[in-house]
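This report concerns only the one structure given below.
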2 protein chains.
Amino acid sequence: MDVTGHTSSGGHGDPPQGPQKAASIRDVAAAAGVSYQTVSRVINGHPNVKEETRKRVDAAIQALGFRRNATAFALASGVTRSVTVITSNTVLYGYAATLQGLEEASRAAGYALGVRVVTPEDDLDRTIAAAADTGGGVVVIGFDAIGAAALDRVPAHVPCAALVEAPRPGRTPSRPAVWADDREAARAATEHLLSLGHKTVHYVAIPASTGTRRLAGPRAEGWRQALEAAGVAPPPTSGKGWDAQAGYEAGKKLARNKDVTAILCGNDDLALGVLRALHHAGRRVPEDVSVIGFDDAPHSGFVTPSLTTVRMDFHGLGRAAFGLLRAQLDTDQQEIAPVPAEPTLVLRESSGPRDA
Amino acid sequence: MDVTGHTSSGGHGDPPQGPQKAASIRDVAAAAGVSYQTVSRVINGHPNVKEETRKRVDAAIQALGFRRNATAFALASGVTRSVTVITSNTVLYGYAATLQGLEEASRAAGYALGVRVVTPEDDLDRTIAAAADTGGGVVVIGFDAIGAAALDRVPAHVPCAALVEAPRPGRTPSRPAVWADDREAARAATEHLLSLGHKTVHYVAIPASTGTRRLAGPRAEGWRQALEAAGVAPPPTSGKGWDAQAGYEAGKKLARNKDVTAILCGNDDLALGVLRALHHAGRRVPEDVSVIGFDDAPHSGFVTPSLTTVRMDFHGLGRAAFGLLRAQLDTDQQEIAPVPAEPTLVLRESSGPRDA
DNA sequence: GCGAGGATTGTGAGCGGTCACAACGTGGGC
DNA sequence: GCCCACGTTGTGACCGCTCACAATCCTCGC
């Protein structure tokens, strides 16, 4: 197959007329026979402008195709209507969906949205500074360790809101933040499995945002609590990654253990990997083993067996985070940030009673 | 399950010291006992500054925590080092992966990345204007009709590069653009199925970027060409959407037709839906029907049956598109844009010989 | 020992807007 | 008929930085 990527520089040489420098308010003012300040008043909808003058200016604006220079506006007014999202990932479903919510909310509010990915190799402070240099606000997606670390380093004077895995234990978040009750959701999912007759539930973990605390995040915590409440000693967790491959590795080991009849996974990708490993090992789902995922990725209802999972309102979380940021930027316009929907357990084929 | 979303306004009242207006070059100049112009020279690495002076200025910069105001720099210099991506979607795998490539490339080059989603409801011109107002360049993801329409409306004076489904038939692209040879890839995939003994291949389409031309994009075209080359009359196509649900609908109908033994899908999500429909209809894959997807989404190798698909280098496409834009913005720095990898057919379990 | 020329530094102007204030009319109230 | 308030418009300064140019300092060669 000889199928190569292509590029085309396209177009012809420069068209005869030059780059045509954009018109400024002074150009408009000259064309309309008024002062630049009057033009400024018109484009800002200032009330005290004579109707006839306004019309003349508007006509000149149309004629010259004037658009207010956003950079100059920002410099002179100090207002920047922009948000930069700092995140370690943009493709994983949870992140992508959150980003989408943020984008929608910011677009609706007339804010420009920037995205800046942080990697472990990057200098966190440089990255944050670059984001803050735009002059607008910053939203940090702190679902993982990198994001959480970034959040901690945002200078106090930078307007900032965060999405976190869970509020830091013990202390109130240093920044306005939104989160979903992952712990409770994990507990509910685990209880559901126990109620189906499973003696225990194994957990395949996503990397936690806090390296320290029990080496686990709220999802693991909820799982553990549900087991303990049922008088079951939590078995060791597995999983080291976010993707299906990591789930597959973990699943391979779990598949060998005949005591494993129920597996909760930190996200749907992991669950898919686990499903695959169980399949390879000849263990049927849900007859032999039940599997529950987390997040409800768009395709999770279409794989076979379809995946029982916890639906998360990442979208709403993103919108809420934007609202929190906007409240800082736009102190007067106190719009209430929408409250995200609660996580819900979506029952599908991958879970069922023990010994069905 | 009472699991609600939470927000926290966090933090305490304003700390005693005021917002601490950021230091300007004049502040630094005063602290270092030089003129503001000298500070400007230092931060821009101008050669003709005495070593001792430079040190003094650097020290003042450190002491005051000075960071050059990006807005003022942009206004005064006219240089903006920023890209805004215009796209109709950020979550679907192809888009998300492209976006990721764009982000990486722009970050590596020190450009800020903005994202702006266009919807059918939006006024295209307003959206484009908003993107162009940032002063930087624009990259349009023209994989679909909305994106393609947006591309057509980008004013000539705005630096712009595009990702397209395929170059517009007949005319050279009006803008520098990158694309993959989807047509050839679809042809190869179709030929593969025919070589496995299938009498014909059915196609479940993604929405095309051009409403007009034969109502199909390059993927459909390649499929059709392969069939025609083999002397087979292309059966009617189906599919109206991008997601698994659309694939499921299309698959339900195809499943009823016993002549259907091979199905090519416009993307992996559709393929997943088709797989699901076949499963519900009791038709085995690949024994009864072969299915091939497109894009190679991360999870496609982990579903059961794992999906034969065409791997696309969206990542490389994104990087290449950025390179094309940068060449316009940074006329001197003529770095060669990386060439994306060619699409490759990835053979997995969902395809096999007829009557296996 | 002095002038040329390069290195180093400072000054003025301007990017394209905004803000604060002054300068015009006008009309109404006395 | 006069004064003041108000509606309307214009002027100056400034946001924080860059550019172009002028001014100063040094060093070298003759």
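Quantities reported herein were computed from a predicted structural model and do not represent experimental measurements. Letters go in sequence order (proteins before strands), and every chain restarts at 1.
- Protein atom NE2 of H46(B) is 16 Å distant from nucleotide atom C1' of dC17(D), rounded to whole Å.
- Closest contact between the side chain of T53(B) and the listed nucleotides dG16(C), dG16(D), dT8(C) involves dT8(C).
- Across the protein-nucleic acid pair, L75(A) atom CG and dT18(D) atom P stand 12 Å apart, rounded to whole Å.
- Nearest-nucleotide assignment on DNA chain D puts the 5′-proximal partner with K50(A), out of K50(A) and Y36(A).
- Residue contacts shown for R54(B) are absent, as no nucleic acid heavy atom lies under 4.0 Å away.
- Side-chain polar atoms of Q37(A) and S35(A) form no donor-acceptor pair below 3.5 angstrom.
- Counting non-hydrogen atoms under 4.0 angstrom, R26(B) reaches a base of the nucleic acid.
- T71(A) comes within 4.0 angstrom of nothing in the nucleic acid, heavy atoms only.
- Atom CG in N48(A) sits about 17 Å away from atom P in dA5(D), given to the nearest Å.
- For dG10(C), one of the phosphate oxygens OP1 or OP2 lies less than 4.0 angstrom from a side-chain nitrogen or oxygen of S35(B).
- Between N69(B) atom CG and dT18(C) atom P the separation is 17 Å, expressed in whole Å.
- Checking the phosphate oxygens (OP1, OP2) of dT18(D), no side-chain nitrogen or oxygen of S77(B) falls inside 4.0 Å.
- As a whole-Å value, the separation of N44(B) CG from dC17(D) P is 10 Å.
- Per the geometry, CD1 belonging to I43(B) stands 6 Å off P belonging to dC17(D), to the nearest Å.
- Both A76(B) and G33(B) lie near DNA chain C, and the one whose nearest nucleotide falls closer to the 5' end is G33(B).
- In terms of polar N and O atoms assigned as donor or acceptor, the side chain of R41(A) comes within less than 3.5 Å of the base of dG10(D) in a complementary pairing.
- The aromatic ring centres of Y111(B) and F322(B) sit less than 6.0 Å apart.
- A close approach under 4.0 Å does not occur between any side-chain nitrogen or oxygen of T38(B) and OP1 or OP2 of dT9(C).
- In terms of modelled atom types and a separation under 3.5 Å, the side chain of T87(B) and the main chain of N89(B) share a donor-acceptor contact.
- Atom-to-atom, CD of Q37(B) to C1' of dC19(D) comes out at 8 Å; the value is rounded to the nearest Å.
- With hydrogens and angles ignored, the 3.5 Å screen pairs no side-chain donor or acceptor of N44(B) with any backbone N or O of R41(B).
- In this structure, K21(A) reaches the dG16(C) phosphate: one of its side-chain N or O atoms is under 4.0 Å from OP1 or OP2.
- If you measure from atom CG of D133(B) to atom P of dG16(C), you get 14 Å, rounded to the nearest angstrom.
- In summary, R68(B) and D133(A) do not engage in a salt bridge, as defined by a charged side-chain N under 4.0 Å from a carboxylate O.
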